Amino acid sequence: MPLVILNTELPLFTWTVDHPWLSAFLLALGSFTFLRFAVKTAVVFSQTFLLGGTSLKKFGAKQGAWAVVTGASTGIGREFAVQLAKAGFNVLVAARSTSSLNETVSEIASAASGSQTKVVTIDLSKDDEAAYASFADTIAALDIGVLVNNAGKSHEMPTDFVETPKSEMDDILAINTRAVLRITALVVPHMLQRKRGLILNIGSFAGEIPSPMLATYSASKAFLATFSAALGAELKPHGIVVEHVNTYFVVSNMSKIRRASALVPTPRAFVRAVLAKLGLPCGAAFTGRPHTSTPFWSHALVDYAIGVLGWTGGMVSYTHGLHKSIRKRALRKKEREAKRE
Ligand SMILES: NC(=O)c1ccc[n+]([C@@H]2O[C@H](COP(=O)([O-])OP(=O)(O)OC[C@H]3O[C@@H](n4cnc5c(N)ncnc54)[C@H](OP(=O)(O)O)[C@@H]3O)[C@@H](O)[C@H]2O)c1
């Protein structure tokens, strides 16, 4: 048997003997911190890579229920409309461009022929009472199982706050905050009546990490996260699930990224992950923000890493540097285009 010899002359040993209660407290604290870290890490990885989320059947899929998707004319919103139709919902698509919405409807028709569709052309940057009244009329008789608050606007390019055009600020706030409140207020009574529903609010990492040079957009997405958490708690006892979907980059017109990579999924892959992980916080589980989920695997790992490092100040500086260089490139591109005209 190996003989373990304790060197009782070591300063740590003598300190421990001299302060038994303090040593026990520090040992307990260390064990608790490690256990907490290990459990949270296990939750993040198992939810992101192993577990499946709540079935869409719980929200009326294949039972004649409707999904309402705003900003469904392109990108992530169009993909939500198509995948929800494939999952067995009738779909109402809303945005400004009727022709692009009709393209979404054609895609639905070829992907899910049994699904009914409705098109609502609405400019969510305007507080247009007539348009909201007409929206309310259109949904009056519908059994709405799902609402996806997806329509969104960001800055044309990263810009210092003082140089941001007022019209851009107004539009971002109107579309990303006020329209979300108004559309949600119209839809929730339908869900309350049937005691079930799913509200997906498409958020951004810019709402979690303050993003210099996208200050208005970043703040609007922070609003969305807080609104979702508060609303989620209110509606949970009524069988309605609210989920703020924390999103890093996705290929789209808004991100101006055209090629997918491990960190930047296509809208199809992104939406598939959102719908497969409903009700699971995934990457957001480490920091435990209520009613927030980071479901796409690489976004989940980034969210986890941010939580582990807890280095928000560093992330803000990194993002600021990134946005300065994106702005430089965007201005150069604009110059080249102006010369060509
Ligand atoms: N792509 C990313 O990297 C990323 C990252 C984080 C979060 N997000 C969020 O994901 C959501 C979808 O963005 P996306 O990337 O798919 O961008 P996108 O392709 O530009 O889609 C934006 C959608 O919003 C609609 N929209 C814009 N202004 C509107 C208005 N005034 N009234 C009604 N609808 C309006 C657009 O339709 P019309 O132009 O036809 O109106 C379009 O359907 C947004 O909320 C965005 O903040 C995206």
Side-chain angles (χ1 to χ4, degrees), residues 68-83 91-105 107 119-128 131-132 135 147-156 158 167-180 182-183 200-209 211 214 216-225 227-228 243-261 263-271 273-274 283 292-296 298-299 302-303 319 322-323 326:
V68 172
V69 184
T70 69
S73 57
T74 53
I76 297 171
R78 176 178 286 182
E79 200 50 47
F80 266 115
V82 172
Q83 292 196 27
V91 185
L92 182 153
V93 291
R96 283 170 307 178
S97 164
T98 314
S99 60
S100 301
L101 286 172
N102 286 336
E103 281 173 27
T104 305
V105 166
E107 224 177 284
V119 171
V120 172
T121 306
I122 184 168
D123 184 345
L124 295 170
S125 70
K126 312 240 177 327
D127 235 356
D128 181 346
Y132 280 107
F135 183 89
L147 166 64
V148 186
N149 280 313
N150 163 81
K153 181 178 164 71
S154 185
H155 300 263
E156 191 208 344
S167 60
E168 186 170 88
M169 283 183 217
D170 289 344
D171 283 355
I172 290 172
L173 284 184
I175 299 163
N176 298 3
T177 65
R178 190 155 168 77
V180 172
R182 293 202 68 168
I183 296 283
L200 295 174
N201 291 333
I202 310 306
S204 165
F205 270 57
E208 181 185 352
I209 303 292
S211 298
L214 298 180
T216 309
Y217 176 74
S218 181
S220 75
K221 290 297 184 179
F223 170 98
L224 190 67
F227 170 64
S228 304
E243 189 165 296
H244 163 246
V245 181
N246 194 29
T247 312
Y248 198 50
F249 291 112
V250 175
V251 171
S252 81
N253 294 340
M254 183 188 285
S255 67
K256 298 187 179 79
I257 302 175
R258 285 181 182 77
R259 201 174 302 154
S261 64
L263 262 188
V264 187
T266 58
R268 181 160 304 168
F270 175 74
V271 169
V274 175
T292 287
S293 170
T294 313
F296 187 76
S298 59
H299 297 183
V302 174
D303 201 0
T319 311
L322 183 72
H323 287 166
I326 292 176

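On a predicted model such as this, the values are computed, not experimentally measured, just so you know. Counting starts at 1 for both ligands and their atoms, in listed order.
Side-chain contact annotation: Thr292 with His244, donor-acceptor N/O pair under 3.5 Å present.
Contacts between Ile175 and ligand 1, counted as non-hydrogen atom pairs separated by less than 4.0 Å, involve the side chain only. When heavy-atom distances to ligand 1 are checked against a 4.0 Å cut-off, Thr70 has no atom that comes that close, whether in backbone or side chain. Using a 4.0 Å cut-off between heavy atoms, Ser252 contacts ligand 1 through its side chain alone, with no backbone atom that close. Only the side chain of Tyr217 comes within contact range of ligand 1, with a heavy atom under 4.0 Å; no backbone atom does.
Taking a 6.0 Å sphere around CZ of Arg268, one finds it holds 12 or fewer heavy atoms contributed by other residues, nucleotides or ligands.
Residue Gly203 places no N or O, backbone or side chain, under 3.5 Å from any N or O of ligand 1. Some N or O of Gly71 is nearer than 3.5 Å to an N or O of ligand 1, by distance alone. Not a single N or O atom of Thr247, backbone or side chain, sits closer than 3.5 Å to an N or O atom of ligand 1. Between Thr74 and ligand 1, at least one N/O pair is under 3.5 Å apart. Backbone and side-chain nitrogen or oxygen atoms of Lys221 are examined, and one is located within less than 3.5 angstrom of a nitrogen or oxygen of ligand 1.
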Does the pair Ile202 and Thr247 meet the rule for a side chain to side chain contact (heavy atoms under 4.5 Å, CB included), with working shown? CA-CA 7 Å; Ile202 310 306; Thr247 312; 3.9 Å; yes
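Between the side chain of Ser255 and the backbone N or O of Val250 there is at least one donor-acceptor pair closer than 3.5 Å.
Looking at Gly152, Ala151, Ser99, Ala95, it is Gly152 that brings a heavy atom closest to atom 27 (C) of ligand 1.
Using a 30° and 60° split on the angle between ring planes, His155 and Tyr217 fall in the perpendicular class, above 60°.
If you number the atoms of ligand 1 from 1 as listed, the ones under 4.0 Å from a heavy atom of Ser255 come out as 1 (N), 2 (C), 3 (O).
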